[in-house]
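Structure first, then comments.
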Amino acid sequence: MKSHFLFKEFIWLVNLLHCRKRMRLCDINREWLSTDMSEGIDLARNTFLRHKNAIQDIFGLIIECDPHDEYRYYLRNAHVLSEDSIQRWMLSTITVSTMLTENMSLSDRILLESVPSEGNFLHTIIGAMKRKVRISVKYQKYGHDDYSNVTFAPYCLRLFQCRWYVLGQFQRPAREGETIKRRKGLPKGYIEYFATFSLDRVKEIKVTDEKFEMDKDFCAIDFFNDSFGVYREEKTPVQNIVIRAYGLQRYYMRDLPWHHSQKLKSWCKEYADYEYTLRPTDDFIRYIMRYGKLVKVISPLDVARKVRKQLLEAADVYADIDDSENSNVKE
């Protein structure tokens with residue numbers, strides 16, 4: 001059978017168990033026979049077991065059987081489908097890809113957003129991550145004409161707002177007064193620090209032969225837990241931030257949360273208050289600004305003042321425009 005059709009069956013089975021939670025094989029087969037994929041042929045036990053193993057190998061999703069619950073099958077790690085996990089991303093991507101492949105006749109009526117694949121760079125970085133070797137990157141910062149060369153240990157990759165980023169780990173001698181963390185792979189008297197690089201600003205990547213030892217306690221999810229996006233600034237403390245959304249913006253923020261920490265505090269006819277626990281870095285401030293008068297920072301006051309200051313500065317850019325119809329924009 002073609003892989004296209006197999007993936008379609010894998011996705012169907014995962015979605016079924018994710019929705020129904022626990023099912024006996026006979027119940028799964030009953031649902032299978034109601035689909036066009038079955039062509040009226042039962043889902044054989046051996047076929048189901050092959051699908052089960054393939055799903056674990058490809059998606060990392062574990063389907064197990066509970067002998068104490070009438071031998072019902074269930075997703076043991078179903079929680080990953082509710083997180084920003086690679087399993088969820090892969091499943092969503094393949095589901096959409098399969099759907100589009102089946103409907104190529106509508107290609108001129110289905111408009112997609114461009115997501116840079118950074119294919120060669122991704123392949124190189126992932127290879128270095130698996131081999132645990134450092135990479136040398138030729139990188140151009142925004143606002144700079146020249147490139148800089150940096151060498152670091154690639155700790156993790158992250159896709160955020162249609163851009164790929166790599167988190168690099170660096171080491172340097174500790175300065176006086178700095179706390180030194182002793183661990184395997186970190187030279188005595190050294191500390192480590194991190195920096196994030198956008199792959200669309202990378203000119204060249206070379207893999208070195210220099211091995212590195214990852215911190216066994218490092219967790220990419222925990223590292224970015226308090227960050228709005230890809231930037232983690234230790235000097236910016238974690239705060240509880242309450243944002244009020246007015247009108248229809250209440251619903252957009254409810255259905256598409258800004259951050260995994262988002263909690264609804266109150267809801268009324270005119271507005272809704274959402275609370276976030278994160279570091280209010282500049283990228284988060286800019287994100288608030290993009291919604292203008294549709295949102296307002298209620299607390300803390302220092303974050304509200306920062307947003308207000310930047311909104312006033314943005315308004316000053318248009319200070320040369322008056323309300324008359326004949327006014328011109330000065331360049």
**Fill in**
Note: Ser38 and Thr35 closest approach over all heavy atoms is OG-O, 3.0 Å

**Request:** State whether Phe212 and Lys132 meet the cation-pi test: NZ (Lys) or CZ (Arg) under 6.0 Å from the six-membered ring centroid, and within 45° of the perpendicular axis.
**Result:** no

**Request:** Kindly check if the number of other-residue, nucleotide or ligand heavy atoms within 6.0 Å of OH (Tyr71) is above 12?
**Result:** no

**Message:** Tell me if a side-chain donor or acceptor on Asp215 pairs with a main-chain N or O of Asp217 at a distance below 3.5 Å.
**Reply:** yes

**Item:** Cation-pi, Phe152 ring and Arg134 (6.0 angstrom, 45 degrees)
**Value:** no

**Asked** Could you give the distance from CZ (Arg50) to CG (Leu6), rounded to the nearest 0.5 Å?
**Response** 9.5 Å

**Request:** Heavy atoms only: give me the nearest Cys156-Met129 pair and the separation to one decimal.
**Result:** CA-CE, 3.8 Å

**Message:** Which residue in the set Tyr231, Tyr276, Phe228 passes ring-ring contact (aromatic ring centres under 6.0 Å, His included) when paired with Tyr287?
**Reply:** Phe228

**Message:** Please determine whether side chain to side chain contact (heavy atoms under 4.5 Å, CB included) holds for the pair Arg254 and Tyr274, giving the CA-CA distance in whole Å, both sets of side-chain angles, and the decisive distance to 0.1 Å.
**Reply:** CA-CA 9 Å; Arg254 180 196 64 187; Tyr274 294 98; 3.2 Å; yes

**Message:** Which heavy atom of Asp320 sits nearest to which heavy atom of Val317, and what is that distance?
**Reply:** OD1-O, 3.5 Å

**Message:** Within the 4.5 Å heavy-atom criterion, are Val137 and Phe197 side-chain neighbours or not?
**Reply:** no

**Prompt:** Is any side-chain heavy atom of Ile135 less than 4.5 Å from a side-chain heavy atom of Lys206?
**Reply:** no

**Request:** Could you give me the CA-CA distance, side-chain angles and deciding distance for Thr281 and Ile285, then say whether side chain to side chain contact (heavy atoms under 4.5 Å, CB included) is met?
**Result:** CA-CA 6 Å; Thr281 46; Ile285 300 300; over 6 Å; no

**Asked** Less than 4.5 Å apart, any side-chain heavy atom of Leu199 and any of Val166?
**Response** yes

**Prompt:** Does Gly60 offer a backbone N or O that forms a donor-acceptor pair with the side chain of Asn77 under 3.5 Å?
**Reply:** yes

**Prompt:** Would a line drawn from the ring center of Trp267 to the ring center of Tyr251 be shorter than 6.0 Å?
**Reply:** yes

**Message:** Tell me whether Arg201 contacts the main-chain N or O of Gln140 through its side chain, where contact means a donor paired with an acceptor under 3.5 Å.
**Reply:** yes

**Item:** Nearest heavy-atom neighbours spanning Asp283 and Val230
**Value:** OD2-N, 4.3 Å

**Prompt:** Pro280 versus Ile241: any side-chain heavy-atom pair under 4.5 Å?
**Reply:** yes

**Asked** Looking only at atom types and distance, does a side-chain atom of Lys296 sit under 3.5 Å from a main-chain N or O of Lys293, one as donor and one as acceptor?
**Response** no

**Message:** Between Arg24 (side chain only) and Tyr73 (backbone N and O only), is there a donor and an acceptor less than 3.5 Å apart?
**Reply:** no

**Request:** Find out whether Leu294 and Tyr246 are in side-chain contact, i.e. whether some heavy atom of one side chain is under 4.5 Å from a heavy atom of the other.
**Result:** no

**Request:** Quick one: sort the Tyr291 and Trp258 rings into parallel, tilted or perpendicular, breaks at 30° and 60°.
**Result:** parallel

**Prompt:** Backbone N or O of Ile11 within a donor-acceptor pair of the Asn15 side chain at under 3.5 Å?
**Reply:** yes

**Request:** To the nearest 0.5 angstrom, please state how far the NZ atom of Lys130 sits from the CD1 atom of Ile125.
**Result:** 14.5 Å

**Prompt:** Hey, is CZ on Arg308 packed in by over 12 heavy atoms from elsewhere, all under 6.0 Å?
**Reply:** no

**Prompt:** What is the distance from atom CG of Asp200 to atom OG of Ser198, rounded to the nearest 0.5 Å?
**Reply:** 3.0 Å

**Message:** Using modelled atom types and a 3.5 Å cut-off, is there a donor and acceptor pairing between side-chain atoms of Ser227 and backbone atoms of Gly229?
**Reply:** no

**Request:** Assess whether atom OH of Tyr252 is packed by more than 12 heavy atoms of other residues, nucleotides or ligands within 6.0 Å.
**Result:** no

**Request:** Would you check if there is a donor-acceptor pair between the side chains of Gln169 and Glu192 at a distance under 3.5 Å?
**Result:** yes

**Request:** Step by step, work out the side chain to side chain contact (heavy atoms under 4.5 Å, CB included) result for Val238 and Leu278.
**Result:** CA-CA 5 Å; Val238 176; Leu278 48 72; 5.7 Å; no

**Message:** Less than 6.0 angstrom from the centroid, inside 45 degrees of the normal: does Arg244 satisfy that with respect to the ring of Tyr271?
**Reply:** yes

**Complete:** In short, Arg131 meets Asp209 closest at the heavy-atom pair NH2-OD1, 4.3 Å

**Message:** Please report whether the ring centroid of Phe194 lies less than 6.0 Å from that of Phe170.
**Reply:** no

**Request:** Kindly say whether Arg279 contributes a backbone atom to a donor-acceptor pair with the side chain of Asp226 at under 3.5 angstrom?
**Result:** no

**Gln262 versus Pro257, closest heavy-atom pair with distance** = OE1-CA, 3.4 Å

**Prompt:** Heavy atoms, side chains only, cut-off 4.5 Å: are Leu167 and Arg158 in contact?
**Reply:** no

**Asked** How long is the span from the CG atom in Leu33 to the CD1 atom in Ile41, to the nearest 0.5 Å?
**Response** 9.5 Å

**Message:** If you count every heavy atom of other residues, nucleotides or ligands that lies below 6.0 Å from Arg183 atom CZ, does the total exceed 12?
**Reply:** yes

**Request:** Report, as yes or no, whether the 6.0 Å neighbourhood of atom CD on Glu234 holds more than 12 heavy atoms from other residues, nucleotides or ligands.
**Result:** yes

**Minimum side-chain heavy-atom gap Glu275-Asn240 below 4.5 Å** = yes

**Asked** Taking the six-membered ring of Tyr74, is NZ or CZ of Arg22 closer than 6.0 Å to its centre and within 45° of its axis?
**Response** yes

**Request:** Give a yes or no answer on whether the side chain of His51 reaches the backbone of Thr47 with a donor-acceptor pair at less than 3.5 Å.
**Result:** yes

**Request:** Indicate yes or no for a side-chain donor-acceptor contact from Arg76 to the backbone of Leu61 under 3.5 Å, with no hydrogens or angles considered.
**Result:** no

**Asked** Regarding Arg232 and the six-membered ring of Phe223, is the cationic atom NZ or CZ under 6.0 Å from the ring centre and inside 45° of its axis?
**Response** yes

**Asked** Quick one: OG on Ser266 to CD1 on Ile298, what's the gap to the nearest 0.5 Å?
**Response** 9.0 Å

**Heavy-atom side-chain proximity of Asp42 to Trp32 below 4.5 angstrom** = no

**Asked** Going through the checks in order, is the side chain to side chain contact (heavy atoms under 4.5 Å, CB included) test met by Ile28 and Leu43?
**Response** CA-CA 8 Å; Ile28 295 173; Leu43 180 65; 4.0 Å; yes

**Asked** Under 6.0 Å between ring centres, would you say that holds for Tyr155 and Phe218?
**Response** yes

**Prompt:** Per the side chain to side chain contact (heavy atoms under 4.5 Å, CB included) rule, which among Ile62, Leu17, Ile55, Leu16 passes with Leu75?
**Reply:** Leu17

